[in-house]
Amino acid sequence: MKNFKRYTVTSALPYANGPVHIGHLAGVYIPADIYARYLRLRGNDVVFIGGSDEHGVPITIKARNEGVTPQDVVDKYHTIIKKSFEDLGISFDVYSRTSSKTHHKTASDFFRKLYDEGKFIEKTSEQYFDAEAGQFLADRYIKGTCPHCANEEAYGDQCEKCGTSLSPMDLINPKSTLSGNQPVLKETRHWYLPLDKHEPFLKKWILEDHKEWKANVYGQCKSWLDAGLQPRAVSRDLDWGVPVPVDGAEGKVLYVWFDAPIGYISNTIEWAEQNGKDWKKYWQDEDAKLVHFIGKDNIVFHCIIFPAMLKSHGNYILPENVPGNEFLNLEGDKISTSRNWAVWLHEYLVEFPGKQDVLRYVLAANMPETKDNDFTWKDFQARNNNELVAILGNFINRTAVLTQKYYDRKVPSLGELQPIDQETIAEMAQHKERIESSLENYRFREALKEAMNLARLGNKYLADTEPWKLIKTDEARVETIMNICIQLTANLSIVFEPFMPFTAQKIRQLLHIESLGWEKLGQMNLLAAGHLLDEPFLLFDKIEDEAIEAQVQKLEATRQSKIDSTPAVEAKELVSYDDFTKLDIRTGTILEAEKVAKTKKLLKLLVDTGIDKRTVVSGIAEYYNPEELKGKKVSILVNLAPRSIKGIESQGMILMAENADGSLSFVSSEKEVNNGSEIK
RNA sequence: GCCGAGGUAGCUCAGCUGGUUAGAGCGCAGGAUUCAUAAUCCUGAGGUCGGCAGUUCAAGCCUGCCUCUCGGUACCA
């Protein structure tokens with residue numbers, strides 16, 4: 001394996017339209033921080049890069065909705081995010097932002113070099129343009145009627161009612177959300193990165209040269225490469241972002257996914273300038289090892305697009321590895337910002353003061369390394385109480401208290417070693433190697449577990465040697481035992497440093513020592529005999545049931561309040577009574593229900609309408625099981641023109657009430673009425 | 001539908017290129033112990049390794065089909 005002189009560690013830039021939650025931490029920032037801290041502890045030259053991703057359409061939309069500027073939005077969240085990372089002890093060497101001057105220049109230069117060298121292709125296409133606002137419209141800025149479900153509030157990229165992905169051209173009666181006017185089609189020119197041309201290179205580089213990448217990452221890349229790559233637009237018609245540095249490109253900016261990864265470079269430059277370093281040594285030198293920590297949603301950008309950009313540019317090294325993690329769920333449900341189902345870091349830090357390491361520990365232990373994982377508050381409590389308090393905290397406390405009791409906190413001397421001492425010492429050396437191997441292969445859960453096993457080893461050693469009994473008969477022997485326990489404690493301060501830096505610091509305080517390097521791990525002479533320890537104090541506190549229940553309740557409450565506080569959709573325009581009476585709505589009863597094959601949300605229903613028994617296809621499978629539907633009273637629009645859906649003729653439509661969270665509910669009569677009764 | 005990743009003890013997960021009685025932590029049961037935040041240490045119970053076929057002397061690991069979860073993509077009132 002190659003010996004690198006420098007390490008460039010990046011973590012995905014959080015998007016600055018909201019705070020950071022535990023899913024981000026477990027997936028990206030905790031593993032990246034553990035890795036960076038480990039490398040530094042071994043004396044390596046490391047730069048650990050973070051920063052906010054502040055461009056893109058969603059931020060401009062959020063700004064519009066809140067009546068502020070995009071800069072206001074990113075200023076707000078950049079500040080929150082940066083502060084919360086600091087408080088959690090994420091050890092970025094630099095945490096900057098893509099709205100910085102340095103970044104604008106770096107990204108702009110990067111684009112310009114590729115442009116000048118003819119590495120892009122230019123294409124002209126027709127896009128919707130708002131004449132009044134004088135600008136092209138991003139997909140999200142266009143609303144219209146969904147061609148599938150007739151929802152009048154569908155966006156240009158997706159209908160949120162039926163979940164269909166759309167393109168703006170699909171919308172019936174499109175309207176600009178800027179002015180409310182009907183947009184016009186207008187030609188616009190954009191630059192594309194011809195990924196198809198890089199395909200042969202990417203195939204070799206990933207599929208042949210990097211078989212060691214994680215299975216989920218490698219597989220996803222293979223899937224993309226096998227499907228064939230297409231040119232990808234790297235510019236957008238938008239006024240928020242890095243302007244395209246080409247004459248005549250007014251009103252165009254770099255696509256956020258083009259500029260964001262360049263942010264890693266920009267931020268390195270910023271750091272280098274402030275610290276008298278040469279940034280190129282970390283990005284343009286084969287002796288540097290580049291590692292991107294990301295979540296699985298980012299795989300294609302970091303494994304395909306960004307490397308293609310770097311390769312096109314020509315001066316840059318490519319990532320050595322891209323350890324992408326899967327997702328973290330919360331209490332069995334997907335974490336969701338829009339549904340407010342999340343544990344926010346900045347709130348955690350306030351609600352659990354001084355417990356940064358508890359969160360770091362639990363998230364590292366539960367990291368979704370190979371598959372999606374679940375975070376539960378109950379597990380959080382159990383890991384704190386049964387592992388941090390009972391195993392790690394307890395061993396160190398036992399050692400500290402015994403040393404105080406027997407030796408007035410002075411380290412006793414090491415005497416002759418017995419077999420059990422030697423076995424324990426040998427065990428520690430083995431742990432060192434195992435932990436190193438785990439960390440270097442991005443197996444952080446395993447590494448943490450091994451670290452915790454060192455504390456277990458200490459507890460077992462105490463139980464086996466029983467110094468509290470021996471003190472009555474063999475004082476000299478007890479000195480040796482306690483010396484070993486204290487040395488072991490010093491070792492724990494080293495091994496936990498990457499995972500739990502605050503705790504490592506506390507252990508050092510307890511021992512009255514400075515930070516020891518990683519290489520000292522496994523040694524038994526870290527503290528000299530006679531060295532004075534600090535007064536014993538506890539490293540961790542138990543977390544009581546009440547605190548956990550409060551968090552679970554908070555989650556439920558915020559979810560409910562999110563639903564409650566969602567305003568009703570605006571009323572539609574007036575219709576005449578005659579218009580209304582055209583609709584023939586009846587009460588009916590579901591006789592049979594079955595899933596429509598090969599669909600996610602469709603059920604085929606046989607409904608007794610009182611008039612006849614007919615088949616209706618309905619998109620409710622995500623909320624109702626076929627079994628529970630038999631006999632269900634429903635309201636049905638019987639004179640809707642039949643339509644074939646998935647090869648089944650659907651005769652009518654079942655009326656559903658849709659809640660703010662998207663869940664559906666039948667609309668049925670309050671009292672028992674006959675099938676076929678009119679609803680009017 | 002297609003592609004990718006998963007489905008291993010109650011829970012969270014390990015199991016390398018197939019090879020003796022499938023592992024760990026937590027939880028549970030029993031025991032030991034009291035220096036320690038009733039913490040610790042030992043022992044034990046618990047698994048037809050998603051299902052069905054197949055290849056092989058031998059399969060959790062290989063092949064085929066099926067099924068469920070997650071992600072991507074396509075389609076879909």
Side-chain angles (χ1 to χ4, degrees), chain A residues 146-151 159 161-165 214-227 295-297 299-300 324 326-327 329 334 362 365-376 378-379 382-383 385-406 438 443 445-446 448-450 452-453 455-456 458-471 478 481-482 485 536-543 596-602 616-620 637 640-654:
Chain A
C146 173
H148 303 293
C149 70
N151 168 27
C159 171
K161 193 166 176 194
C162 66
T164 308
S165 350
K214 290 175 63 171
N216 57 337
V217 175
Y218 186 91
Q220 190 62 238
C221 291
K222 184 165 175 4
S223 173
W224 278 81
L225 289 168
D226 288 348
K296 68 173 161 184
D297 50 332
I299 290 173
V300 64
E326 301 282 311
F327 287 157
N329 291 325
K334 262 185 252 193
V362 173
N366 255 337
M367 200 178 279
E369 283 177 332
T370 52
K371 60 180 172 186
D372 289 2
N373 227 329
D374 199 27
F375 175 95
T376 66
K378 199 163 160 286
D379 181 65
R383 288 201 183 267
N385 293 356
N386 303 333
E387 298 178 25
L388 293 178
V389 173
I391 310 285
L392 178 59
N394 188 32
F395 169 67
I396 292 176
N397 187 235
R398 296 168 85 181
T399 300
V401 169
L402 285 174
T403 306
Q404 176 173 51
K405 195 175 283 185
Y406 300 155
S438 299
R443 293 196 299 262
R445 270 191 325 219
E446 187 178 86
L448 181 59
K449 198 171 176 178
E450 287 297 335
M452 194 50 96
N453 280 342
R456 289 179 206 281
N459 278 318
K460 181 168 164 49
Y461 179 72
L462 274 178
D464 288 347
T465 53
E466 297 181 306
W468 50 89
K469 281 188 182 165
L470 278 179
I471 193 70
V478 172
I481 293 169
M482 290 316 301
C485 285
F537 62 88
L538 297 175
L539 293 174
F540 301 100
D541 305 312
K542 284 200 136 194
I543 293 175
V596 178
K598 293 162 191 169
T599 64
K600 247 188 242 170
K601 41 177 83 168
L602 299 184
V616 177
V617 176
S618 187
I620 57 176
L637 177 62
L640 182 68
R643 173 153 182 175
S644 176
I645 303 166
K646 276 279 169 187
I648 302 164
E649 176 152 285
S650 179
Q651 304 163 302
M653 175 169 153
I654 308 288

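Chain letters run A, B, ... following the sequence lines, proteins first and then strands; every chain starts at 1. This structure is a prediction, so every number in the text was calculated from the model and none was measured.
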Between [Y] and [X], is there a side-chain heavy-atom distance shorter than 4.5 Å?
{"X": "A:Arg383", "Y": "A:Asn366", "value": "yes"}
{"X": "A:Gln220", "Y": "A:Tyr218", "value": "no"}
{"X": "A:Asn385", "Y": "A:Ile543", "value": "yes"}

With the criterion being N/O to N/O and under 3.5 Å, what pairs connect the protein with nucleotides 3-9 of chain B, and how long is each?
residue	atom	partner	partner atom	Å
B:rC3	O2'	A:Ser223	OG	2.5
B:rG4	O2'	A:Gln220	N	3.4

At what distance, to the nearest 0.5 angstrom, does [atom1] of [X] lie from [atom2] of [Y]?
{"X": "A:Trp468", "Y": "A:Glu466", "atom1": "CH2", "atom2": "CD", "value": "5.5 Å"}
{"X": "A:Asn394", "Y": "A:Phe540", "atom1": "CG", "atom2": "CZ", "value": "12.0 Å"}
{"X": "A:Asn386", "Y": "A:Asp379", "atom1": "CG", "atom2": "CG", "value": "9.5 Å"}

Need to verify one output field. Residue with the more 5' nearest nucleotide on RNA chain B, A:Lys334 or A:Arg443? A:Arg443
The answer to which of A:Arg445 and A:Asp372 contacts RNA chain B further toward the 5' end, by nearest nucleotide, is A:Arg445
Separation of atom [atom1] in [X] from atom [atom2] in [N], rounded to whole Å:
{"X": "A:Asn329", "N": "B:rU12", "atom1": "CG", "atom2": "C1'", "result": "13 Å"}
{"X": "A:Lys378", "N": "B:rC11", "atom1": "NZ", "atom2": "P", "result": "11 Å"}
{"X": "A:Lys214", "N": "B:rC16", "atom1": "NZ", "atom2": "P", "result": "17 Å"}
{"X": "A:Glu387", "N": "B:rC11", "atom1": "CD", "atom2": "P", "result": "18 Å"}

Please state the [atom1] separation for the pair [N] and [M] - nearest whole angstrom.
{"N": "B:rU8", "M": "B:rU69", "atom1": "C1'", "value": "15 Å"}
{"N": "B:rU56", "M": "B:rU12", "atom1": "P", "value": "38 Å"}
{"N": "B:rC75", "M": "B:rA5", "atom1": "P", "value": "24 Å"}
{"N": "B:rA14", "M": "B:rG51", "atom1": "C1'", "value": "24 Å"}
{"N": "B:rC16", "M": "B:rU20", "atom1": "P", "value": "12 Å"}
{"N": "B:rU34", "M": "B:rG18", "atom1": "C1'", "value": "49 Å"}
{"N": "B:rC68", "M": "B:rC52", "atom1": "C1'", "value": "15 Å"}
{"N": "B:rC61", "M": "B:rC49", "atom1": "C1'", "value": "10 Å"}

Audit row: A:Arg445, A:Thr370, side chain to side chain contact (heavy atoms under 4.5 Å, CB included) steps and yes/no: CA-CA 11 Å; A:Arg445 270 191 325 219; A:Thr370 52; 4.0 Å; yes
For A:Met452, which residues count as a side chain to side chain contact (heavy atoms under 4.5 Å, CB included) partner, sequence neighbours excluded? A:Tyr361, A:Glu387, A:Leu388, A:Ile391, A:Leu392, A:Ala455, A:Arg456, A:Phe496
Check every strand shown and say whether A:Glu369 touches a base, only sugar-phosphate, or nothing at a heavy-atom separation below 4.0 Å. nothing
Using Watson-Crick pairs (N1 to N3, plus N6-O4 or O6-N4) and G-U wobble pairs, both distances under 3.5 Å, which stems of at least 3 pairs involve RNA chain B?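 Expected stems, ordered by start: B:1-7 with B:67-73, B:10-13 with B:23-26, B:28-32 with B:40-44, B:50-54 with B:62-66.
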Are the side chain of A:Asn216 and the backbone N or O of A:Gly324 linked by a donor-acceptor pair below 3.5 Å?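 It does hold such a pair.
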Would you say A:Ser223's side chain and A:Gly219's backbone share a donor-acceptor pair under 3.5 angstrom? no
Base, backbone or nothing for each nucleotide of nucleotides 34-43 of chain B, written B, S, -, heavy atoms under 4.0 angstrom, 5' to 3'? SBBB-SSSS-
Ring pair (Phe, Tyr, Trp, His ring centres under 6.0 Å) against A:Tyr461, all qualifying residues, sequence neighbours excluded: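 Counting only residues at least two positions away or on another chain, A:Tyr461 forms no ring pair (Phe, Tyr, Trp, His ring centres under 6.0 Å).
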Is there a side chain to side chain contact (heavy atoms under 4.5 Å, CB included) between A:Asn459 and A:Arg398? Walk through the geometry before answering. CA-CA 9 Å; A:Asn459 278 318; A:Arg398 296 168 85 181; 2.8 Å; yes
Would you check, one step at a time, whether the test side chain to side chain contact (heavy atoms under 4.5 Å, CB included) holds for A:Ile481 with A:Leu402? CA-CA 11 Å; A:Ile481 293 169; A:Leu402 285 174; over 6 Å; no
Is the base of B:rG46 syn or anti, if syn means a glycosidic angle within 90° of 0? syn
Could you go step by step and tell me if A:Asn397 and A:Leu539 meet the side chain to side chain contact (heavy atoms under 4.5 Å, CB included) rule? CA-CA 8 Å; A:Asn397 187 235; A:Leu539 293 174; over 6 Å; no
Please produce a list of atom pairs where a protein N or O lies less than 3.5 Å from an N or O of nucleotides 63-68 of chain B.
none

Closer than 4.0 angstrom, basic N to acidic O: yes or no for A:Lys296 and A:Glu326?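 Yes, this pair counts.
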